[in-house]
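In the text below, chain A, chain B and the rest are named by the order of the sequence lines, each starting its count at 1.
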Amino acid sequence: MTLTVASWNVNSVKARLPNVLDWLSEAKPDVACLQEIKTVDEGFPRMEIEDLGYNIETHGQKSYNGVAILSKHPIEELRCGLPGDESDEQARYIEAVIAAEGGPVRVASIYLPNGNPAPGPKYDYKLAWMERLRRHAQNLLTFEEPLILAGDYNCIPRDSDCWDIAEWESDALALPQTRAAFRALKWLGLTEAFEQLDGRGHQYTFYDYQAGRWNKGHGIRIDHLLCSPQAADHLEGIEIHTKTRGKEKASDHIPIVGSFSL
DNA sequence: ATGGTAGTGATACTA
């Protein structure tokens, strides 16, 4: 049995609804983690997406952020919000157990803070959020179950994940501290799916709307799937659906889809 | 060095 788990920062689920429906109909992921839905829960276009056979859980926010999990299988054990700071009101984390046919799989949809400008309070928030994520992931790993942390990590892990690192080296997405915090996550025992199956050259998941980045091929790879050993052992493939970026009214991010024999 | 674009929501702000 194959379970496909996708991540896509849609940059407003309402503005992107036709693109989202088209992609779901074509790619048919079993699970889709969405980020930047930019709406409160009540504003989420439930019916249109339910009509495609998805159960839906959202952790929304007015105007900014907001994450969701769509699943063709039942959704259980929902968690909204990242533990570790009760005062954090930004909707950037939702987690659930998917009752897949081959057994339960825990999945999270993550919208990690951008952190620019760095240095500054926004960058401090990013690093603190990454440390909270590390601690929470450490707890989740003790369950020794298939776990996939999918999302927009706002981290360029390596120079080769960018068309020209000189343009990014002082940016919050590529600073040494950002990469160190991302590595600290992986050192817990998480496998980054694309990196694991790499060897196909550059593939990016984000092209800025500005400065004709898409037309010039100036992209970066910042959307990732981090997998527990029990998930990574069953990783069969990873795809970046670059075509979606060329469509009318495209999101600036591109879906990434992992296939697991689960 | 600057500004280029898109989304929200009605003006700056986030990215």
Side-chain angles (χ1 to χ4, degrees), chain A residues 7-23 33-46 48-49 58-68 81-82 88-93 109-130 133 150-157 161-175 177-179 181-182 204-224 241-256:
Chain A
S7 177
W8 192 15
N9 178 324
V10 294
N11 185 18
S12 170
V13 72
K14 292 191 217 171
R16 209 68 56 216
L17 188 57
N19 305 57
V20 171
L21 294 176
D22 283 354
W23 174 71
C33 300
L34 306 184
Q35 300 88 34
E36 276 205 275
I37 62 175
K38 290 189 172 179
T39 175
V40 293
D41 297 336
E42 297 73 33
F44 194 91
R46 297 192 72 87
E48 295 89 335
I49 292 175
T58 62
H59 181 38
Q61 182 181 333
K62 184 184 161 86
S63 306
Y64 303 114
N65 310 318
V67 285
L82 183 65
D88 184 1
E89 292 179 346
Q90 301 190 30
R92 297 177 174 277
Y93 187 90
S109 179
I110 289 168
Y111 179 41
L112 206 143
N114 176 293
N116 280 303
K122 291 188 175 180
Y123 193 57
D124 296 340
Y125 174 68
K126 176 179 193 150
L127 293 178
W129 206 96
M130 293 181 88
L133 178 61
D152 174 1
Y153 280 78
N154 270 313
C155 175
I156 302 169
D161 296 316
C162 176
W163 88 91
D164 180 7
I165 196 59
E167 296 229 15
W168 287 91
E169 57 195 355
S170 62
D171 190 280
L173 278 61
L175 281 172
Q177 274 182 286
T178 305
R179 287 180 168 178
F182 189 69
Y204 304 129
T205 65
F206 172 88
Y207 295 82
D208 202 306
Y209 291 124
Q210 300 182 70
R213 295 298 196 208
W214 168 245
N215 290 324
K216 294 175 188 163
H218 290 180
I220 57 179
R221 196 176 67 86
I222 57 177
D223 299 85
H224 311 297
H241 288 181
T242 306
K243 259 197 317 195
T244 62
R245 186 62 182 85
K247 303 224 167 169
E248 203 67 32
K249 288 266 290 177
S251 170
D252 42 5
H253 288 257
I254 296 169
I256 170 171

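- Distance, A:N65 CG to B:dC13 P: 16 Å, rounded to whole Å.
- Distance check on atom P: B:dA1 versus B:dA12 gives 29 Å, rounded to whole Å.
- Nucleotides of DNA chain B nearest to A:Q210 and A:N114 differ in position, and the one nearer the 5' end is that of A:Q210.
- What separates OH of A:Y123 from C1' of B:dT14 is a distance of 18 Å, to the nearest Å.
- Between A:R245 atom CZ and B:dT5 atom P the separation is 13 Å, expressed in whole Å.
- Between the side chains of A:E36 and A:N9, at least one donor-acceptor pair of N or O atoms lies under 3.5 Å.
- For the P atoms, the distance linking B:dG3 with B:dG7 amounts to 22 Å, nearest Å.
- Remark: P of B:dT14 and CZ of A:R92 are 11 Å apart, rounded to the nearest angstrom.
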Each nucleotide in nucleotides 6-12 of chain B should get exactly one letter: B, S or -. Can you fill that in based on protein heavy atoms under 4.0 Å? SSSS---
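- Heavy atoms of A:Y111 sit under 4.0 angstrom from primed sugar atoms or phosphate atoms, though from no base atom.
- A:K216 comes within 4.0 angstrom of no nucleic acid atom, judged by non-hydrogen atoms across all strands.
- Residue order along DNA chain B, read from the 5' end via each residue's closest nucleotide, puts A:D208 first among A:D208 and A:P113.
- Side-chain atoms of A:H253 and A:N11 form no donor-acceptor pair, as typed in the model, at a separation below 3.5 Å.
- Here the separation of B:dT14 from B:dG9, taken at their C1' atoms, is 13 Å to the nearest Å.
- A:Q35 has its side chain within reach of A:S109: a pair of non-hydrogen atoms, C-beta onward, lies under 4.5 Å apart.
- Residue A:N116 contributes atom CG, which lies 12 Å from atom P of B:dT14 at whole-angstrom precision.
- Ring geometry for A:H218 versus A:W163: interplanar angle under 30°, hence parallel rather than tilted (30 to 60°).
- Between the side chain of A:K14 and the backbone N or O of A:F44, no donor-acceptor pair lies under 3.5 Å.
- A:Q61 has its CD atom 12 Å from the P atom of B:dT14, to the nearest Å.
- Below 30°, between 30° and 60°, or above 60°: for A:Y153 and A:H224 the angle between ring planes is between 30° and 60°, a tilted geometry.
- Rounded to a whole Å, the CG atom of A:D171 is 12 Å from the P atom of B:dA15.
- Spacing between B:dT11 and B:dT5 at atom P, rounded to whole Å, works out to 23 Å.
- Cation-pi geometry between A:R92 and A:Y111 is met: the NZ or CZ atom falls under 6.0 Å from the ring centre, inside 45° of the normal.
- One interatomic measurement links the two molecules: CG of A:N215 to P of B:dG4, which rounds to 17 Å at whole-angstrom precision.
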